[in-house]
Amino acid sequence: MSLETKLKQVTLSVSLRHLLRNKAKSKERTCRNMIELGKGLSKVTPSEGELSRLYQELLKMIDEKDEDELKKWMIGVFKL
């Protein structure tokens, strides 16, 4: 694993922990911020349609998944 990949995953972990603390206030905002975080860390830029689909998928699963599962989902989706 390259240094860049390790740094991105650490950034993801720290940011995700911070974002998920606020999900009780607004799940929608938390999901939007998670998608923006993924876009910012990713080398590929998903289309607007793909981002919308990812947002809807994340909105459905944010209450069911824990932090580690959400991190794995973001790593897989955004190829981090």
Side-chain angles (χ1 to χ4, degrees):
M1 186 181 302
S2 71
L3 179 60
E4 180 182 3
T5 302
K6 288 180 184 179
L7 288 173
K8 284 183 179 184
Q9 289 188 4
V10 168
T11 301
L12 176 64
S13 294
V14 171
S15 299
L16 192 57
R17 187 172 305 121
H18 175 71
L19 290 173
L20 290 175
R21 283 190 298 194
N22 296 320
K23 80 176 179 180
K25 292 179 184 175
S26 175
K27 289 190 303 188
E28 294 82 6
R29 184 178 199 171
T30 300
C31 290
R32 283 193 307 270
N33 289 340
M34 287 174 65
I35 296 295
E36 287 298 317
L37 174 63
K39 273 179 33 180
L41 294 175
S42 181
K43 289 183 179 180
V44 296
T45 306
S47 68
E48 287 301 317
E50 178 70 8
L51 291 174
S52 178
R53 185 191 67 76
L54 293 173
Y55 170 78
Q56 294 300 323
E57 183 180 337
L58 183 57
L59 193 57
K60 290 178 185 175
M61 69 182 208
I62 194 165
D63 287 328
E64 301 167 0
K65 306 288 184 183
D66 64 8
E67 182 180 332
D68 288 334
E69 291 172 323
L70 291 170
K71 179 182 171 188
K72 289 177 186 174
W73 179 83
M74 288 189 69
I75 289 171
V77 167
F78 291 104
K79 315 240 184 314
L80 303 175

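- Taking each heavy atom of Lys27 and Ile62 in turn, the nearest pair found is CD-CG2, 3.9 Å.
- Here Glu36 contributes atom CD and Ser15 contributes atom OG; the two are 13.0 Å apart, rounded to the nearest 0.5 Å.
- Going from atom CG of Leu37 over to atom OG1 of Thr11 covers 8.5 Å, rounded to the nearest 0.5 Å.
- Here CZ of Phe78 is found 10.5 Å from OG1 of Thr45. Values are rounded to the nearest 0.5 Å.
- Taken from CD1 in Ile75 to CD in Gln9, the straight-line distance is 4.0 Å, to the nearest 0.5 Å.
- When every heavy atom of Met34 is checked against every heavy atom of Leu16, the shortest pair comes out as CE-CD1, 3.4 Å.
- Within the 4.5 Å cutoff, the side chain of Arg17 has heavy atoms near those of the Glu67 side chain.
- Atom CG in Leu58 sits 10.5 Å away from atom CG in Asn33 (nearest 0.5 Å).
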Give the C-alpha distance, both sets of side-chain angles, the deciding distance and a yes or no for side chain to side chain contact (heavy atoms under 4.5 Å, CB included) between Met61 and Leu70. CA-CA 9 Å; Met61 69 182 208; Leu70 291 170; 3.8 Å; yes

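- Look at Lys72 and Glu69 and you find no salt bridge, because none of the NZ, NE, NH1 or NH2 atoms lies under 4.0 Å from a carboxylate O.
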Show your working on side chain to side chain contact (heavy atoms under 4.5 Å, CB included) between Arg29 and Asn22 and close with a plain yes or no. CA-CA 9 Å; Arg29 184 178 199 171; Asn22 296 320; over 6 Å; no

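- A salt bridge is defined here as a Lys NZ or Arg NE, NH1 or NH2 lying under 4.0 Å from an Asp or Glu carboxylate O, and Glu4 with Lys8 meets this definition.
- For Arg53, the side chain to side chain contact (heavy atoms under 4.5 Å, CB included) partners at least two apart in sequence or on another chain are Glu50, Glu57.
- Remark: Ser2 OG to Leu7 CG distance equals 8.5 Å, nearest 0.5 Å.
- Pairing each heavy atom of Leu19 with each of Thr30, the nearest pair is O-CG2, 3.6 Å.
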